*Asks:* 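Pasting a structure below so you can have a look.
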Amino acid sequence: MSPARPVRVRFAPSPTGPLHIGGLRTALFNWLYARHQGGRFILRLEDTDQRRLVSGSAEHIMAMLRHYGLDYDEGPDIGGAFGPYVQSERRERHVRRAGWLVQEGAAYPCYCSAERLKAVNAEKRSRGEASGYDRHCRDLSVAQRAELDAAGETPVIRFRMPLEGQTLVRDAIRGELRFDNARLQDAVLLKSDGFPTYHLAHLVDDRDMQISHVMRSSEWLPSLPLHWQLWEAFGQEKPVYVHLPVILNPNGKGKLSKRHAGFTQNGRQVLVLAQEFIDAGYLPEAVGNFLTNIGWSMPDEREFFPVEAAIEGFELSRVNPADGVFPVEKLDWLNGMWIRELSVADLAQRVRPLLLQAGLEIDDALLRKVVPLMRERMRSLHDFAAMAGFFFSDSFAGPEADAIIQRRMDAAGTLGALQAARLRLEEMERIDCAALEGDMRALAQELGIKVGQLFGSLRVAVTGQRVSPPLFETMEILGLETCLERIDLAIATLQRQA
RNA sequence: GGCCCCAUCGUCUAGUGGCCCAGGAUGUCACCCUUUCAAGGUGAAGACACGGGUUCGAGUCCCGUUGGGGCUACCA
């Protein structure tokens with residue numbers, strides 16, 4: 001290719017269902033490359049298999065790209081100079097190119113029925129041979145074709161693969177690849193329903209849209225020689241092919257794909273859909289950062305970095321050709337890191353819908369006070385409601401006596417400690433967390449118990465939880481009145497026990 | 001079965017012939033900090049799949065074996 005060729009890359013999903021995380025990764029790498037090169041990132045919908053279309057998935061895919069910050073420069077909903085960006089709307093071009101190939105002798109009509117194809121395959125397999133089409137119609141005479149046409153047979157169009165020699169192909173991250181032509185198939189380019197197959201359609205569109213780099217998952221590698229030969233037939237400048245490694249299941253068995261949605265590994269649900277990562281409380285920043293680290297690495301080996309840094313450093317030469325397992329634990333770590341980067345206002349905004357979803361009432365002033373306490377200890381957005389949800393609930397069911405009583409304490413001792421703490425609190429007008437902590441430390445010493453024992457009882461009494469945000473900050477936010485009420489409740493519980 | 005791709009700690013990775021008795025990250029464990037949980041700090045354990053070559057020298061190049069993955073549709 002000429003060095004002056006402007007970089008134009010595309011993400012070309014089929015709107016056949018929800019966007020998969022592997023698809024998102026492919027989109028991300030294309031996007032990073034485009035942004036790094038100052039090129040264009042294009043979205044094209046490949047909807048040529050009419051039977052598999054799922055309504056709403058095109059909109060869903062676009063919504064996901066938007067959510068994860070992968071803005072495209074041309075696409076179905078925003079247009080562009082090379083439209084339309086929906087493949088089915090480009091059908092005439094595909095049909096025209098297929099016709100041209102037939103005229104040039106590079107393709108031919110095939111009248112074989114599905115049944116015959118199946119039988120041929122089965123027979124070849126039973127003989128231990130490689131399966132595949134036997135090229136029955138490859139050399140039909142003009143008269144034979146006319147006869148079949150007259151009989152009302154609708155042919156498919158197949159590519160006329162060279163029968164001998166080798167196809168030498170270059171992949172940007174794997175180097176020179178070599179394929180024996182004799183093993184290659186006369187692939188179908190145009191189906192009998194008049195729609196092109198992926199092979200024809202993507203290539204004609206990439207050609208028309210002046211795509212400079214075809215960056216896709218490595219499962220396309222086996223059809224690369226076919227595509228290469230097709231470009232040869234068109235006599236066109238070829239794009240650079242880049243085959244990205246595949247993301248494998250956490251157990252390393254098979255690629256992470258849609259059909260595995262909903263399965264669990266070590267008691268944990270394995271997430272595979274772009275939407276599932278949102279539902280699980282992961283930030284788009286964290287998911288993007290995470291995905292960037294699979295199959296690619298920063299020049300300085302940093303793993304936690306903003307997307308601008310990834311754009312800056314994104315070189316194809318740093319793509320690792322080996323398939324990789326999805327390292328989920330790292331996503332949790334990154335998510336925590338990214339949560340800590342957020343401002344109070346921003347994190348409050350992101351946590352808000354989850355609180356609503358948990359049926360909690362939101363007091364925004366209160367939320368702004370609680371967020372700083374929680375930011376340091378969250379890995380998922382869901383951790384907020386789990387640990388700090390009690391701030392937003394009026395109904396407080398007092399904890400069990402067992403929970404209030406700390407290690408190496410008994411009911412009577414705990415009761416005494418809480419009563420003493422209550423006396424100190426009563427004297428205050430309001431809670432000041434620093435002052436209260438000093439008071440309570442002194443009290444623990446007076447009582448001859450460990451601070452942890454006193455603080456633990458107080459924590460459970462006031463929050464109803466063994467684990468909570470820092471105790472005295474929590475009490476200050478809850479307010480003196482609420483704290484006294486809850487301590488009284490605990491005292492009553494302990495008295496019943498004693 | 002055939003064809004293709006791939007192979008460094010559990011996992012994600014650095015490494016492009018000497019800088020590597022292999023570095024980072026995560027996870028695990030221990031300790032420190034500490035009112036719980038986190039966060040943070042310090043430390044530990046942990047890998048070049050195997051066998052042949054090439055070379056003065058191989059994680060790095062070549063061949064084979066093994067293992068893993070992908071493709072093998074009128075799906076993409």
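Per chain, numbering begins at 1; letters A, B, ... match sequence-line order. Quick caveat, the model's predicted, so the values are computed rather than measured.
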*Asks:* Base, sugar-phosphate or nothing for N121(A)? Non-hydrogen atoms, less than 4.0 Å.
*Replies:* sugar-phosphate
*Asks:* Please measure how far the C1' atom in C48(B) lies from the corresponding atom in C20(B), and state the result in whole Å.
*Replies:* 10 Å
*Asks:* Taking only nitrogen or oxygen atoms into account, show me every contact under 3.5 Å that the protein makes with nucleotides 37-43 of chain B, one pair per line with its distance.
*Replies:*
residue	atom	partner	partner atom	Å
C37(B)	O2	R377(A)	NH1	3.0
C37(B)	N3	R377(A)	NH1	2.2
C37(B)	N4	R377(A)	NH1	3.4
A38(B)	O2'	E376(A)	O	2.9
A39(B)	O4'	E376(A)	O	3.2
A39(B)	O2'	E376(A)	OE1	3.1

*Asks:* Only pairs with both distances under 3.5 Å count, Watson-Crick or wobble alike; so what is the partner of C56(B) in this structure?
*Replies:* G18(B)
*Asks:* Using the P atom as the point on both nucleotides, what is the distance between G67(B) and C75(B), in whole Å?
*Replies:* 35 Å
*Asks:* Suppose we screen for side chain to side chain contact (heavy atoms under 4.5 Å, CB included). Which residues come up paired with Q50(A), at least two apart in sequence or across chains?
*Replies:* L53(A), S88(A), F195(A)
*Asks:* Taking G18(B) as the reference, what is the distance to U55(B) when you measure between their C1' atoms (whole Å, please)?
*Replies:* 12 Å
*Asks:* Give every pair of a protein N or O atom and an N or O atom of nucleotides 5-9 of chain B that lie under 3.5 Å apart, one pair per line with the distance.
*Replies:*
residue	atom	partner	partner atom	Å
C5(B)	O2'	R174(A)	NH1	2.7

*Asks:* I'd like to check the side chain to side chain donor-acceptor pair (under 3.5 Å) partners of R91(A); sequence neighbours left out, ordered by chain and number.
*Replies:* none
*Asks:* T167(A): what forms a side chain to side chain contact (heavy atoms under 4.5 Å, CB included) with it, not counting sequence neighbours?
*Replies:* V169(A), N181(A), L184(A), P225(A), W228(A), Q229(A)
*Asks:* Could you list the protein-to-nucleotides 74-76 of chain B atom pairs, N/O on both sides, closer than 3.5 Å?
*Replies:*
residue	atom	partner	partner atom	Å
C74(B)	O2	S192(A)	N	2.7
C74(B)	O2	S192(A)	OG	2.8
C74(B)	N3	S192(A)	OG	2.9
C74(B)	N4	C112(A)	O	3.4
C75(B)	OP2	K191(A)	NZ	3.2
C75(B)	O5'	R51(A)	NH2	3.4
C75(B)	O2'	D49(A)	OD2	2.8
C75(B)	O2'	R52(A)	NE	2.9
C75(B)	O2'	R52(A)	NH2	3.1
A76(B)	OP1	T48(A)	OG1	2.8
A76(B)	OP1	K191(A)	NZ	3.2
A76(B)	OP2	Y198(A)	N	3.0
A76(B)	O4'	R52(A)	NH2	3.3
A76(B)	O3'	S14(A)	OG	3.0
A76(B)	O3'	E46(A)	OE1	3.3
A76(B)	O2'	S14(A)	OG	3.1

*Asks:* Excluding sequence neighbours, so at least two apart, what forms side chain to side chain donor-acceptor pair (under 3.5 Å) with R170(A)?
*Replies:* none
*Asks:* Could you list all the ring-ring contact (aromatic ring centres under 6.0 Å, His included) pairs where at least one residue sits in residues 448-471 of chain A, not counting sequence neighbours?
*Replies:* F455(A)-F472(A)
*Asks:* Sequence neighbours excluded, which residues qualify as side chain to side chain donor-acceptor pair (under 3.5 Å) partners of R183(A)?
*Replies:* none
*Asks:* Can you tell me, in whole Å, how much space there is between the C1' of C71(B) and that of G15(B)?
*Replies:* 31 Å
*Asks:* Who passes side chain to side chain contact (heavy atoms under 4.5 Å, CB included) against P222(A), sequence neighbours left out?
*Replies:* none
*Asks:* Which pairs, protein N/O on one side and nucleotides 28-34 of chain B N/O on the other, fall under 3.5 Å?
*Replies:*
none

*Asks:* Which residues pass the side chain to side chain donor-acceptor pair (under 3.5 Å) test with Q419(A), sequence neighbours left out?
*Replies:* none
